[in-house]
Amino acid sequence: MIILYTFISEAKHQSLLDRHLPAFPIEIRKGILRYKRWQDVQLSLLGKVLLQYGLKTHYNISEAEIVIFPNKKPHLKAHEIYFNISHSKDLVVCAIAEYPLGIDVEFRDPKINYQDFMVQMTAQELQEIQNGEDKIKEFFTYWVRKEAVIKAHGAGMMLSLDSFEIINNECSIEEEKFFTKNIFIHEDYHTCIASSDQKIKTVIPLITYFEE
């Protein structure tokens, strides 16, 4: 598994568009440019750039067609390689592996009130957060695990956060088991990967900063 990450930059925005946007098909370009804020445009673009770079550099795949499953989860056509992209605030990450996976990254916002999200937690999860010395840290650890599992499962918004509970980095959804692993990318962000494949429990991802 490889995980590529980078940060958006307003100063580099136009040069990034000029350099990378023409490399994508017209429909993808339209999708990227539909956003109004430069931050959202760049996050969308760089997520695809990271995927393109990772596939070519680490998997020798220079031409890859992305298809969308009925659950709206993207997949590489004709390749048994899987990927997932996530972004938060200024950071964008892309995970690529030989098995299905999900990745979630969240900026640790010190102003957040975890109690606003109580209805989305199980009683045990809420108790763990409240018992933690650093409640903000505990909240984001909970949040990225849940989101990573949802992305690995592929149900998206149809699966509520309180419908399953992660215990010892494992959970079950509709009789399918999922495993999670926290990883470190940056001190201001929380990151977690998840998969239905047990390999994720012992994997040591190759984490690479993509510099423009």
Side-chain angles (χ1 to χ4, degrees), residues 1-59 61-77 79 81-97 101-112 140 143-144 146-148 150-152 154-158 183-194 205-212:
M1 175 192 290
I2 64 166
I3 297 176
L4 299 160
Y5 72 97
T6 193
F7 293 89
I8 60 173
S9 166
E10 186 173 12
K12 296 181 179 179
H13 185 62
Q14 191 58 52
S15 64
L16 288 171
L17 290 179
D18 294 341
R19 186 179 312 128
H20 295 294
L21 203 57
F24 295 100
I26 184 65
E27 289 305 315
I28 292 181
R29 279 182 267 167
K30 287 181 179 179
I32 293 171
L33 295 175
R34 77 180 188 275
Y35 297 104
K36 295 182 179 180
R37 299 193 321 142
W38 73 265
Q39 293 95 329
D40 297 325
V41 171
Q42 200 173 128
L43 287 168
S44 178
L45 172 64
L46 288 177
K48 295 171 177 59
V49 170
L50 291 180
L51 174 61
Q52 186 182 65
Y53 176 82
L55 291 174
K56 184 175 182 179
T57 304
H58 296 276
Y59 293 93
I61 300 175
S62 55
E63 296 290 336
E65 181 182 351
I66 297 176
V67 295
I68 307 297
F69 287 164
N71 61 9
K72 296 186 178 181
K73 187 172 183 177
H75 178 70
L76 292 184
K77 187 176 181 179
H79 294 283
I81 301 294
Y82 302 84
F83 71 93
N84 201 228
I85 297 169
S86 181
H87 55 75
S88 179
K89 196 172 169 56
D90 297 333
L91 175 64
V92 55
V93 298
C94 176
I96 308 174
L101 78 163
I103 185 169
D104 189 60
V105 59
E106 299 289 341
F107 172 68
R108 187 191 300 179
D109 186 351
K111 300 187 298 294
I112 200 164
F140 280 109
W143 191 267
V144 293
K146 284 297 189 80
E147 290 290 347
I150 287 176
K151 295 179 76 175
M157 298 296 292
M158 296 180 65
I183 58 174
F184 177 82
I185 290 182
H186 189 276
E187 61 184 4
D188 292 334
Y189 295 82
H190 287 261
T191 310
C192 184
I193 51 178
L206 174 62
I207 302 176
T208 304
Y209 173 63
F210 180 81
E211 186 172 8
E212 277 295 314

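Inter-residue side-chain proximity for Val92 and Tyr5 is flagged as unmet; no heavy-atom pair is nearer than 4.5 Å. Side-chain contact between Ile2 and Phe83 is absent, with no heavy-atom pair separated by less than 4.5 Å. At least one side-chain heavy atom of Val93 sits under 4.5 Å from a side-chain heavy atom of Ile103. A 4.5 Å side-chain heavy-atom check between Leu45 and Phe24 finds at least one atom pair inside the cut-off. Considering only heavy atoms from C-beta on, Ile193 comes within 4.5 Å of Ile183 through its side chain. At a threshold of 4.5 Å between non-hydrogen side-chain atoms, the residues Leu21 and Leu33 count as touching. Contact of the Leu76 side chain with the Leu55 side chain is registered, since non-hydrogen atoms from C-beta on lie closer than 4.5 Å. Between Thr6 and Val49 the shortest side-chain heavy-atom distance does not fall below 4.5 Å.
Closest heavy-atom contact between His186 and Phe7: CD2-CZ, 3.8 Å. Taking each heavy atom of Val144 and His190 in turn, the nearest pair found is CG1-O, 3.5 Å. The two atoms that bring Arg108 and Glu187 nearest to each other are NH2-O, 3.9 Å, heavy atoms only. Across all non-hydrogen atoms, the minimal contact from Ile32 to Lys48 is CD1-CD, 3.8 Å. The heavy-atom pair separating Leu43 from Ile8 by the smallest distance is CD2-CG2, 3.5 Å. Taking every heavy atom of both residues into account, Ala148 and Asp104 meet most closely at N-CB, 3.8 Å.
From Ile96, atom CD1 reaches atom NE2 of His79 across 12.0 Å, with rounding to the nearest 0.5 Å. A distance of 9.0 Å separates CD in Glu63 from NZ in Lys56, rounded to the nearest 0.5 Å. Separating the CD1 atom in Ile112 from the CZ atom in Phe107 is a distance of 10.5 Å, to the nearest 0.5 Å. Interatomic distance, NE2 of His87 versus CG of Leu46, reported as 10.0 Å (0.5 Å rounding). To the nearest 0.5 Å, atom CZ of residue Phe140 and atom OG of residue Ser88 are 7.5 Å apart. Residue His20 holds its NE2 atom at 8.5 Å from CD of Gln52, rounded to the nearest 0.5 Å.
Sparse packing is recorded around OH of Tyr53, with 12 or fewer heavy atoms of other residues, nucleotides or ligands lying under 6.0 Å away.
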- Query: Can you list the steps and then say if Leu91 with Ile185 is a side-chain contact (heavy atoms from CB on, under 4.5 Å)?
  - Reply: CA-CA 10 Å; Leu91 175 64; Ile185 290 182; 4.3 Å; yes

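Put simply, the side chain of Gln42 gets close to the backbone of Ser9: a donor and an acceptor are under 3.5 Å apart.
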